[in-house]
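Scroll down for the structure; my scribbles are underneath it.
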Amino acid sequence: QVQLRESGGGLVQAGGSLRLTCAVSGGFPGSHMVAWFRQAPGMEREFVTAIGGSRSTPRYSDSVKGRFAISRNNALDTVYLQMNALKPEDTANYYCAASPIRSVYYDLKTRPGDYEYWGQGTQVTVSL
């Protein structure tokens with residue numbers, strides 16, 4: 001059973017930075033595509049970014065492209081989300097999600113329903 005645990009959320013001023021961490025356990029390291037989603041109160045869960053196994057080109061939503069960066073350390077089975085130039089509209093609960101990679105050729109998924117495993121979330125609040 002794959003389990004995900006997020007950490008690193010908090011309160012930051014606009015323009016600041018945070019790094020979120022997603023620790024993956026219970027699976028073979030690097031065998032899952034991992035994504036970050038976020039959800040603000042009253043809003044639908046929104047895709048932020050995703051990364052595949054090693055040598056994978058990440059995928060980003062337009063709203064975070066150029067400001068956020070996803071990376072992974074397969075030796076630690078950990079995925080990171082570096083968030084820079086944060087804006088108040090980035091305020092949300094951030095979730096880590098994972099889904100097994102089942103073929104050599106695959107597309108990184110952007111819909112919540114495409115991911116099988118989810119963490120509990122970590123709150124990010126960006127103040128003016």
Side-chain angles (χ1 to χ4, degrees):
Q1 178 73 13
V2 174
Q3 294 184 323
L4 308 175
R5 187 175 73 250
E6 305 96 335
S7 60
L11 173 64
V12 64
Q13 285 189 324
S17 299
L18 279 176
R19 188 176 81 156
L20 305 184
T21 298
C22 174
V24 183
S25 61
F28 190 82
S31 63
H32 292 76
M33 67 176 74
V34 177
W36 288 95
F37 289 80
R38 64 187 182 186
Q39 188 167 21
M43 305 293 287
E44 291 188 354
R45 195 161 292 191
E46 174 192 18
F47 171 78
V48 177
T49 181
I51 191 168
S54 59
R55 299 186 297 276
S56 168
T57 300
R59 187 171 182 177
Y60 296 94
S61 68
D62 288 341
S63 61
V64 306
K65 198 173 295 182
R67 299 188 298 123
F68 290 13
I70 190 171
S71 61
R72 72 187 301 163
N73 183 328
N74 284 338
L76 300 176
D77 215 1
T78 301
V79 175
Y80 305 98
L81 179 62
Q82 179 66 44
M83 305 186 295
N84 300 322
L86 283 160
K87 305 175 182 180
E89 51 264 43
D90 294 319
T91 295
N93 206 4
Y94 282 70
Y95 296 90
C96 178
S99 189
I101 297 172
R102 294 190 168 95
S103 65
V104 175
Y105 301 102
Y106 59 92
D107 293 324
L108 294 172
K109 307 302 182 184
T110 63
R111 297 179 305 175
D114 289 327
Y115 288 85
E116 297 181 21
Y117 307 104
W118 290 84
Q120 293 299 308
T122 185
Q123 178 67 34
V124 171
T125 302
V126 184
S127 63
L128 289 169

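The salt bridge (charged side-chain N to carboxylate O under 4.0 Å, His left out) pairs that include a residue from residues 118-128 number zero, where partners must be two or more places apart or lie in different chains. Under the disulfide bond (SG atoms under 2.5 Å apart) criterion, no residue pair touches residues 42-84, with sequence neighbours excluded. The disulfide bond (SG atoms under 2.5 Å apart) pairs that include a residue from residues 35-66 number zero, where partners must be two or more places apart or lie in different chains. Identified under the salt bridge (charged side-chain N to carboxylate O under 4.0 Å, His left out) test for residues 5-17, with sequence neighbours left out: none. Sequence neighbours left out, the pairs with a member in residues 8-116 that pass disulfide bond (SG atoms under 2.5 Å apart) are Cys22-Cys96.
The side-chain hydrogen bond (donor to acceptor under 3.5 Å, both in side chains) test applied to Lys65 returns Asp62, not counting sequence neighbours. Residues passing the side-chain hydrogen bond (donor to acceptor under 3.5 Å, both in side chains) test with Ser127, sequence neighbours excluded: none. A search for side-chain hydrogen bond (donor to acceptor under 3.5 Å, both in side chains) contacts involving Arg72 returns Asn74, not counting sequence neighbours. Every residue two or more places apart in sequence or in another chain that forms a side chain to side chain contact (heavy atoms under 4.5 Å, CB included) with Pro100 is listed here: His32, Arg102, Glu116, Tyr117. In this view, Ser63 and Arg38, Glu46, Ser61 satisfy the side chain to side chain contact (heavy atoms under 4.5 Å, CB included) rule, not counting sequence neighbours.
Annotation for Tyr106: hydrophobic cluster partners, listed by chain and number, are Met33, Phe37, Phe47, Tyr95, Ile101, Leu108, Tyr115, Trp118 (ILVMFWY side-chain heavy atoms under 4.5 Å, direct or chained).
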Identify all side-chain donor-acceptor contacts of residues 9-19 below 3.5 Å with residues at least two apart in sequence or on another chain.
from	atom 1	to	atom 2	distance (Å)
Ser17	OG	Asn84	OD1	2.9

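The shortest heavy-atom contact between Pro58 and Ile70 is CB-CG2, 3.4 Å.
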